[in-house]
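Scroll down for the structure; my scribbles are underneath it.
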Amino acid sequence: MPDSKIPQDAITPESVFLNRRNFMRAGLVAGTALATSAAYRAFNPIIAQETSTPEPALALQSATDKLNTWQEITHYNNFYEFSTSKQAVAARAADFITTPWHVEVGGLVAKPQVFDMLDLLKLEQAEFIYRHRCVEGWSMVIPWQGFELRKLLELVAPTISNGFVAFETYYDAQQMPNGRFAGIELPYVEGLRLDEAMHPLTILATGLYGKPMPNQNGAPIRLVVPWKYGFKGIKSIRKITVVDTMPPTTWHKSAPQEYGFYANVNPDVAHPRWSQADEQRIGEFRRRPTQMFNGYADQVAHLYQGMNLEENF
Ligand code: MTE
């Protein structure tokens, strides 16, 4: 993520489209959603084919956190395997083949298993409306659907309680020709501490806005950890492994002094090349202050009690 600047044309003007029904439904629940953050419910897939912003399964918005549009969420992406240009990822990833798909879950577990994607979709899906804050200084609000990662980990039964979880993206140089020019080592890898992975806010997302995950957002399944910078949200996951030592992570390997393992959103710890005190919400004109743990401190601060957050950035 060498650049931290958002080109002007990436900032959507006021013409953000949200239909009247969304606003009315949102009004009913305003204030409850993003304040408590883990707003979700059993999810019923919507089989609509709109090209404009589809209606989310449950439109939870508040005065300060409006959902970003389908267009914004799916045309301003980081997925270096396809392109290092955020606006180009959608087109370059259009032909990415994601069926059939499986996810291998193993390591220090009692019941290692290779899950077919169709079986993962049979796990109860819910909607999770989360703030998404990139380390580069921009943010969005996204209505994901998916399931808590801990539900999957419970199925394989980790045999340790103080370990870590390592994740790996599928990598195919033929389908992902930009891989050679991405400037990072591939396959993309990420990791979490086991207690972070078991936290109920941590999800494996299988779609957004009621539709299957678009290729550019990490089809068919990606990680979302809303209190951490977006680069922790590894896309198109093929492998999940419970391990007993801190696993390597792509951006830390690439620039250890700039990107830590923890990557918790923290307005008080600057990136060496830019401040993290505020952020550009895509679709807005003014920058807004960044919140500690991206606004999820009530739920996650206890995980880091006694830790020096400047050293463990
Ligand atoms: N996963 C893979 N495999 N490759 C990537 O380049 N980029 C990361 C993360 N996951 C990335 C990835 C970064 S830097 C961010 S900010 C988010 O994906 C972007 O997710 P989005 O495009 O859905 O907003």
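Heads up: numbering here begins at 1 and tracks the sequence. Remember, it's 1-based here, ligands and their atoms both numbered in the order they're listed.
Taking the side chain to side chain donor-acceptor pair (under 3.5 Å) definition, one finds that D278 meets it with R287, sequence neighbours left out. Contacts of Q216 classified as side chain to side chain donor-acceptor pair (under 3.5 Å), with partners at least two apart in sequence or in another chain: none.
Residues Y259 and W251 place their aromatic rings such that the two centres sit under 6.0 Å apart.
Nearest to atom 14 (S) of ligand 1 among the protein's heavy atoms is M1 SD, 3.4 Å. Nearest protein heavy-atom neighbour of atom 17 (C) of ligand 1: G230 O, 3.4 Å. Among all protein heavy atoms, the one lying closest to atom 10 (N) of ligand 1 is G233 O, 2.9 Å. Among all protein heavy atoms, the one lying closest to atom 22 (O) of ligand 1 is K235 NZ, 2.7 Å. Nearest protein heavy-atom neighbour of atom 7 (N) of ligand 1: N78 O, 3.3 Å.
The contact set between ligand 1 and N77, taken as ligand atoms under 4.0 Å from a residue heavy atom, comprises 21 (P), 22 (O), 23 (O). Against a heavy-atom cut-off of under 4.0 Å, C134 is close to the following atoms of ligand 1: 16 (S).
Of all the heavy atoms of T169, the ones lying under 4.0 Å from any atom of ligand 1 belong exclusively to the side chain. Counting heavy atoms closer than 4.0 Å to ligand 1, residue E81 contributes side-chain atoms (C-beta onward) but none from N, CA, C or O. By the criterion of a heavy-atom distance under 4.0 Å, the side chain of R222, and not its backbone, is placed next to ligand 1. Using a 4.0 Å cut-off between heavy atoms, H132 contacts ligand 1 through its side chain alone, with no backbone atom that close.
For a threshold of 3.5 Å applied to N or O pairs, the pair formed by W138 and ligand 1 contains no separation below that value. Remark: ligand 1 and N217 share an N or O pair separated by less than 3.5 Å (distance only, no angle test).
A donor-acceptor pair shorter than 3.5 Å cannot be found between the side chains of N77 and K86. Side chain to side chain, T202 and E148 fail the donor-acceptor criterion of an N or O pair below 3.5 Å.
Note that K232 lies in the cation-pi zone of F261, set by a 6.0 Å cut-off to the ring centre and a 45° limit from the axis.
By heavy-atom distance, the residue among Y188, Y80, Y170, Y76 lying nearest atom 12 (C) of ligand 1 is Y188.
Relative ring orientation between Y130 and F128 is described as tilted, the plane-to-plane angle lying within the 30° to 60° band.
Of the possible donor and acceptor atoms, one in the side chain of H199 sits under 3.5 Å from a partner among the backbone N and O of Q299.
A salt bridge does not link E154 with R150: none of the charged nitrogens is closer than 4.0 Å to a carboxylate oxygen.
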